[in-house]
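Please read the structure below before turning to the comments.
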There are 2 protein chains.
Amino acid sequence: MAVTIKDVARVAGVSPSTVCRALSTPNLVRDETCDRVRRAAADLGYSPNRAARGLITGRTANIGLIVPDLGNPFFPGVVKGIQARAREADYAVFLADTDEDPAAETQLVRTLAKQVDGLVLCSPRMSEQELRGFAAETPLVMLNRRVGRLPAITFANVDGMRQAVTHLTALGHRRIAYVAGPRTSWSNRERARGLRAAAASAGAALVEVGPVLPQFDGGVAAADPVLAAGVTAVIAYNDVIALGLLSRLHARGIAVPAEISVIGFDDIPMAAMVHPSLTTVGLPMESCGRAGVDLLLGLLQDPARYGTTRRELGTHLMVRGSTGAPPNA
Amino acid sequence: MAVTIKDVARVAGVSPSTVCRALSTPNLVRDETCDRVRRAAADLGYSPNRAARGLITGRTANIGLIVPDLGNPFFPGVVKGIQARAREADYAVFLADTDEDPAAETQLVRTLAKQVDGLVLCSPRMSEQELRGFAAETPLVMLNRRVGRLPAITFANVDGMRQAVTHLTALGHRRIAYVAGPRTSWSNRERARGLRAAAASAGAALVEVGPVLPQFDGGVAAADPVLAAGVTAVIAYNDVIALGLLSRLHARGIAVPAEISVIGFDDIPMAAMVHPSLTTVGLPMESCGRAGVDLLLGLLQDPARYGTTRRELGTHLMVRGSTGAPPNA
DNA sequence: TTGAAAGCGCTACCAA
DNA sequence: TTGGTAGCGCTTTCAA
């Protein structure tokens, strides 16, 4: 078995209590003793058993992270941000991928809740009611979704859409399509809302296509209806859909942006790598992860203060090759 | 605080020991008692504290997973496979992303080792020596790398390259470039070795370009040297590099596959989504994750038997649009 | 400044 | 078939 605090105590010639103190509150221990203990610990390669510690302190130093689909290029950035911030704060991360299944999500929350101090839920699929229930039991922060006053980090979807529309109308576009993501998705609703508002105030016509699955094939499928709608520009719910659009437009011999402009949302890595490169609304994904952990840590320290904190992170339009002036401008 | 086994015992009117048995070995408990306990547990919403259990059983029911970079599209598939298999076996997964930093990897292994029953290391960056050291202390399986006889799941890199070369020579190619990945990468060495052997036995000339970073920009940078080498086909260390190649070739107005054929390795999702779609050697990533967990579970049960088990998973060439006959065939 | 002892939640053993 | 007891590794009183 692994080396325990007793082994260190024996080698250092002190009691286990002293070892514990030497390692956690050195100022309560005579310097010389402290040194001896530290040396023994180092020699033996001791590192404390966090589970045992958690049992008594009631603090596991673990956080749980639940994501719907790691394969979705939106998530790795967020997860990396969470990892990085958690590591800085000396927390370990339990990760679970639910495969977009709300039932699995619920079960996973139950299982994880016991072994972590708090949970970060990425774009949770579960119902508002369930979410509220869990939030009452376990410190929890949501990413990319808001439910009531529950702690959450979100992106400025509405403002992102405003930026996209401003860009398009400045170029001269007057008729724009929106390829909608899933009706049940919080961010789709936000983006659609922002887009409608921006189009209305800019005096541009808006045609909604879909909803489609937020995947490459969804975009492929949406391209023909978009073309049929007689628009000069299209904004997709997200980049993956936009990439599908681009692919199908290319296959049909439609030039982008000469004949139609395309805008995505998220700024996933591939967006900058395709031809033409994709104009898109960029989300600070790593910051989102970090902010999520920060909020969770705050929540653990001072639930009253952070219990209803919601932060919205700014978004920024990345203008690239897929947008230009409309055909007959 | 959470509800403990004592609470359940009190409500059910039995001793904690009985609660424990009723829940874990019901056949040692009278049916009626068992029912009473279960009901009490359900009423109170009891679920056992796995950390406390682990303390005594010496089994945490957690596995640790360390990956170098979740942003690399190679990993999500593997991680999903691991998650899925772990969940089936009722294990939870600690995930750590090391950001390609070997030092972080070492530290993370140390930290995680205490709270898990075993570790899965994805394409580990650390030295052979360190790896051997850790393997002596903690059950551990490597994915995508072999070191001596340590337990590992790998892909048939050599055979994949044979398939790629066979495909190209069948089309008539006689002069092929290889864009190498990092010298330090185990899979790059394997792939290069397989490629050299296959080219030699097929009588094709091989030109090596690079090494380049295994990223899109690496591929972009490699395109010009490849063109200068006067080859009719190029095989990249991985898909991400191949995508960069494709992009730069497009920018220079070189038609693929009319003027040059391109093959990648991995079959990441984007490979099928670009124009022309990328011919590539497909790796069963989810299977790799599942196999890794299976091997780890075997290792935990019977270290002697599985201590040196290494499995190689088959690879399959996915022929797509980026390969064709050479220009003057 | 240090050590002894109690106990976190749980399981395993021995008696009954 | 059940309960009591000990103890996993650690931290935290309370005394000394």
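Below, chain A is the first sequence line, B the second, and so on; all start at residue 1.
- The distance between atom CZ of A:R50 and atom C1' of D:dG9, rounded to the nearest whole Å, is 15 Å.
- Atom CG of B:D7 is separated from atom P of C:dG9 by 8 Å (rounded to the nearest Å).
- Within 6.0 Å of atom CG in B:D31, 12 or fewer heavy atoms from other residues, nucleotides or ligands are found, so the atom counts as exposed in its surroundings.
- Evaluated for a side chain to side chain contact (heavy atoms under 4.5 Å, CB included) with A:V147, the options A:R132, A:Q129, A:E130, A:M126 yield exactly one hit, A:R132.
- We find that NZ of B:K114 is positioned 12 Å from C1' of D:dC10, with the value rounded to whole Å.
- Whole-Å rounding puts the B:I56 CD1 to C:dC10 C1' distance at 6 Å.
- Interatomic distance, A:R189 CZ to A:R145 CZ, rounded to the nearest 0.5 Å: 7.0 Å.
- From A:Q301, atom CD reaches atom CG of A:D117 across 11.5 Å, with rounding to the nearest 0.5 Å.
- At its two ends the helix from C:dT1-D:dA16 to C:dA16-D:dT1 runs along axes set 40° apart, each axis drawn from five pairs and the angle rounded to 10°.
- Spacing between atom CG of A:L55 and atom P of D:dG7 amounts to 17 Å, rounded to whole angstrom units.
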With side-chain contact (heavy atoms from CB on, under 4.5 Å) as the test, would you mind laying out the steps for B:L95 and B:I82 before giving the verdict?
CA-CA 11 Å; B:L95 174 81; B:I82 289 172; over 6 Å; no
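- In this structure, CG of A:N49 is placed 14 Å from C1' of C:dG9, rounded to the nearest angstrom.
- In the displayed structure, B:D302 atom CG is contacted under 6.0 Å by more than 12 heavy atoms of other residues, nucleotides or ligands.
- Between B:D7 and B:R10, at least one side-chain N (NZ, or NE/NH1/NH2) sits under 4.0 Å from a carboxylate O, which counts as a salt bridge.
- Rounded to whole Å, the distance from NZ on A:K6 to P on C:dA5 is 13 Å.
- Within a 6.0 Å radius of CZ in B:R110, other residues, nucleotides and ligands contribute 12 heavy atoms or fewer.
- Rounding to the nearest 0.5 angstrom, the gap separating the CD1 atom in B:I56 from the CZ atom in B:R59 is 14.0 Å.
- Environment of CZ in B:R310: crowded, with over 12 heavy atoms of neighbouring residues, nucleotides or ligands closer than 6.0 Å.
- The nucleotide whose nearest atom lies closest to any side-chain atom of A:I5 is, among C:dG9, D:dC8, D:dC10, D:dC10.
- For DNA chain C, the neighbouring residues in residues 19-43 of chain B, judged by any heavy atom under 4.0 Å, are B:C20, B:R21.
- Looking at residues 8-18 of chain A, you'll see A:V14, A:S15, A:S17, A:T18 sit with a heavy atom under 4.0 Å from some atom of DNA chain C.
- The structure places CD of B:Q83 at 8.5 Å from CD1 of B:I63, a figure rounded to the nearest 0.5 Å.
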